[in-house]
Asker: 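Sharing a structure below in structure tokens format, with a few things to ask.
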Amino acid sequence: MIWLSSRWRIAVMVLPAVVLFTLFFAYPVLYGVGYSLTDAQGFSAPRLIGLDNYAALGDDPFFWLSLKNTVIILVVSVAFLVPASFALALLMQQRIRAAGALRALLFGPAIVAPILVGLVWVFILDPRVGLLNRLLVPLGIPEIQWIGGDSLTPYSIALVFSWASIGFAMTIFYAGLQQLPDDVMEASSLDGATRWQQLLHVTVPMMRETIGIVSILLVTNVFKIFELVYMLTGGGPVHRSETLVSYMYFVTFTSQRYGAGMAIAVVVLVLGALTSLVYLALARRGRSA
Amino acid sequence: MPGYPFRRPVAAVATLAALLPLAACSQASDAEQGGPTTITLSMQNPDVKTADPATWAIVEAFESANPDVDVEVSGQPVAEHLQSLSIAAQSDTLPDVFWVYKSNAEEMLAGDRLLDLQPILEEQGVIDSLPATTVEYFTSDGTVFGVPYQGLLTGLWTNTQVLSDHGLSTPTTFDELLQVAETLADEDVVTISNGASQSAFSVWQFLVWLDRFGFEEKMDGLLDGSESWENPDFVRMYEHIAELRDAGAFSSNVSTQTYQQAVDQFLQGEAAFLDAGVWAAGAIQDSEVAPDTTFWKGPTFSDGVGEQNIIMNVASAPLVVAKKVGEDEAKLDAVERFLGFYYSDEAQQLMVDNGQPPVTTYEPELDEKEQSVLKSALDAAREEGVSTPGTQPDLVFPVAVSNAIYDSIYGVIQDQLTPEEAAALVQRALDAE
């Protein structure tokens, strides 16, 4: 302990982490911010154009569409995923047959590469050759544009994202539930609390930290959705189903507007960080109330 | 130090390992070292051998004829390929010969990264075998910066069996095409197979339509800003796409199917036409629809502008050579010989044998039965009275504008944009440039 109490020794021990953080996070972020202030197009020397790329985003209807889609996916995913995965974790805690196998089955989609998840769901949601419409059309229901239309696509992406993430979120909740002290639960039972009251007044308050972590992870993952969009719709029709990240990819690499693409990347970073910070602040306020 | 018996051998190995990269930095060329000269060829396909058999066959034949030259072929998908080139251009580590969009090549030329190919082409006698318009197309400020990689002969592959099954024949005019679409839609048959997902560029036929609505005459004005994309002629062209859409010409999953799935749709006999080019000839030839497939240059328009009897048979994106090749005598000699071979009659025949039209004036030999599909395309291109535009409309603009052109066409096909909105979308991209 005496050895560790020296300031310069602490600094030396922290140094590798600082170097790695600077190299692989801070430097690329600052580099991206720098590029977002230029007209970089890849093959010629970039010129500094100030905030023009950010101003142009304001007039870009596809940017606002992709932002709207991201918000829809975010709201639908978080509103559905957090309670659903929590409920599943509670279910898994019960003494049910083959609970281990069921847990593994639910966790399965989380270990499948998102690009494959997208590929699988194309064959389910495609309006012409997809399984869903092939089941519904013979029942007299008209062909529904689950993907590829301009209204249902973000909801379908949210559904697929939820399917792929629910096992992961459930596992974190399940691990959290395992950590709850038995004596508190027993004491509440002895006090005559019903299972519902136990859940509402004991389990949920004690799981608040875990709920916060799961929510933050989901929020950050929603801001990173790319492969699902790429496989399901390719961002179409005409960018109607782009998310912020898929549109950033299109602008940066397909249209070779590196400066404009980096401006979107910076917006994604700021939005992701802000959403997480706001959520954490709200959770903290709820804890202290 | 008895505790470290391997100290010296380990130190020796470590020193050797540290020095190895320095050896790689040596300026000595392969030829100076006595081995074959290596030239690098970087392409826009992740698997050149299978996805671009024509180029692969030419490289193999060149290496056989020139054992002192080794052509190192590499490839990536277009976006990754361009990204790598962008990084390489900034660090002056470009491959020796590579495929790139014309607009990007012009940027590189302005940055003094490309070799002037005029002396090489003259010395190898290539200039005379290339169409004059092609050389002009790849010339900027008197510098020939590129040579055509392959020909871009596009049109509508036509399954005549699907048409005759429904009492139809190959149309000639737009009105006839519209009638075909209405008839086939009633029978739940796709008229034109297209796929927008991950392949927004697959609108070749509609790029020809732009030429049938006066693109050639408007091109200079569009480039210098004196002409608008929102002109009545182009809006009328988008209106015709909308008419086809409303007649049920396109597949209901045109948004979610990829170009490859569109090809499969045609190969399975589920569509009357496929919007593609000669590159699809091989796949069609190997399929069951081959005997019934012909090549159609697309409809003429009674309200079109200018020449209607045209077919898109132009040079695609160029192959260019990095400027630093000129600093290495052995490498320059190898590249000169490679380009000379690439445009020789032998290589052009190899192109044809692998489903590509020749890019020179060479008259290829075709097997009537085994290459019937490709032959129908080449015959259509050589039909009497048919002419070809100087270039495909998307190829003259920066990539962002080209993407806007694709979006505008698919936007109307997918009923997401009105003809006026489609034209405005492209104009906005032009304004941004």
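Chain naming here is simple, since letters A, B, ... match the order of the sequence lines and numbering starts at 1 in each. Quick note: numbers below take in every heavy atom, side chains included, and nothing from hydrogens, waters or symmetry partners. Nothing here was measured: the structure is a model prediction, and the numbers come from that model.
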Asker: Using non-hydrogen atoms only, which part of Gln90(B) is less than 4.5 Å away from chain A: side chain, backbone, both, or neither?
Answerer: side chain
Asker: Chain A heavy atoms under 4.5 Å from Tyr406(B): which part of the residue, side chain, backbone, both or neither?
Answerer: neither
Asker: Step by step, work out the side chain to side chain contact (heavy atoms under 4.5 Å, CB included) result for Thr254(A) and Phe201(B).
Answerer: CA-CA 11 Å; Thr254(A) 311; Phe201(B) 49 82; over 6 Å; no
Asker: Quick check for you: to the nearest 0.5 Å, what is the distance between Phe43(A) atom CZ and Leu114(B) atom CG?
Answerer: 10.0 Å
Asker: Please check this pair: side chain of Gln41(A) against backbone of Asn104(B), looking for a donor-acceptor N/O pair closer than 3.5 Å.
Answerer: no
Asker: Quick one: what part of Val190(B) sits under 4.5 Å from any heavy atom of chain A, side chain, backbone, both or neither?
Answerer: side chain
Asker: Check Gln256(A) against Tyr101(B) and note the closest heavy-atom contact, atom names and distance.
Answerer: NE2-CD1, 4.2 Å
Asker: Between chain A and each of Asp415(B), Val78(B), Val401(B), Val399(B), count heavy-atom pairs under 4.5 Å; write down the option with the most.
Answerer: Val399(B)
Asker: In terms of heavy-atom contacts, does OH of Tyr155(A) have more than 12 from other residues, nucleotides or ligands at under 6.0 Å?
Answerer: no
Asker: Could you look at Gln416(B) and say if it's the side chain, the backbone, both or neither that has a heavy atom under 4.5 Å from chain A?
Answerer: both
Asker: Could you have a look at Ala89(B), Ala79(B), Ser252(B) and say which one has the most heavy-atom pairs with chain A under 4.5 angstrom?
Answerer: Ser252(B)
Asker: Would you find more than 12 non-hydrogen atoms of other residues, nucleotides or ligands less than 6.0 Å from Phe80(A) atom CZ?
Answerer: no
Asker: If I compare all heavy atoms of Tyr249(A) with all of Glu80(B), which pair ends up nearest, and what's the gap?
Answerer: OH-OE2, 4.0 Å
Asker: At a heavy-atom separation under 4.5 Å, does Arg428(B) approach chain A through its side chain, its backbone, both, or neither?
Answerer: side chain
Asker: Should we count CG of Asp224(B) as having more than 12 external heavy atoms under 6.0 Å?
Answerer: yes
Asker: Measure the CG-CG distance between Asp126(A) and Asn253(B) for me, rounded to the nearest 0.5 Å.
Answerer: 4.5 Å
Asker: Checking heavy atoms, do the side chain of Leu125(A), its backbone, both or neither come under 4.5 Å from chain B?
Answerer: neither
Asker: Working to the nearest 0.5 Å, report the span between CZ of Arg240(A) and OG of Ser255(B).
Answerer: 10.5 Å
Asker: Select one option (side chain, backbone, both, neither) describing which atoms of Glu106(B) are under 4.5 Å from chain A's heavy atoms.
Answerer: neither
Asker: Heavy-atom distance under 4.5 Å to chain B: side chain of Tyr230(A), backbone, both or neither?
Answerer: both
Asker: Given heavy-atom pairs under 4.5 angstrom as the criterion, report whether the side chain, backbone, both or neither of Asn403(B) touches chain A.
Answerer: side chain
Asker: Quick check for you: among Ser197(B), Ala110(B), Gly111(B), which has the greatest number of heavy-atom pairs under 4.5 Å with chain A?
Answerer: Ser197(B)
Asker: Can you measure from CD (Gln261(B)) to CZ (Arg128(A)) and round to the nearest 0.5 angstrom?
Answerer: 12.0 Å
Asker: May I ask you to check whether over 12 heavy atoms, not counting those of Phe253(A), lie within 6.0 Å of atom CZ?
Answerer: yes
Asker: Check whether Ile87(B) gets within reach of chain A through its side chain, its backbone, both or neither, counting any heavy atom under 4.5 Å.
Answerer: neither
Asker: Does the side chain of Trp146(A) reach to within under 4.5 Å of the side chain of Thr256(B), using non-hydrogen atoms?
Answerer: no
Asker: Under 4.5 Å, counting heavy-atom pairs only, tell me which of Gly235(A), Ala45(A), Ala56(A), Gly148(A) racks up the most with chain B.
Answerer: Gly148(A)
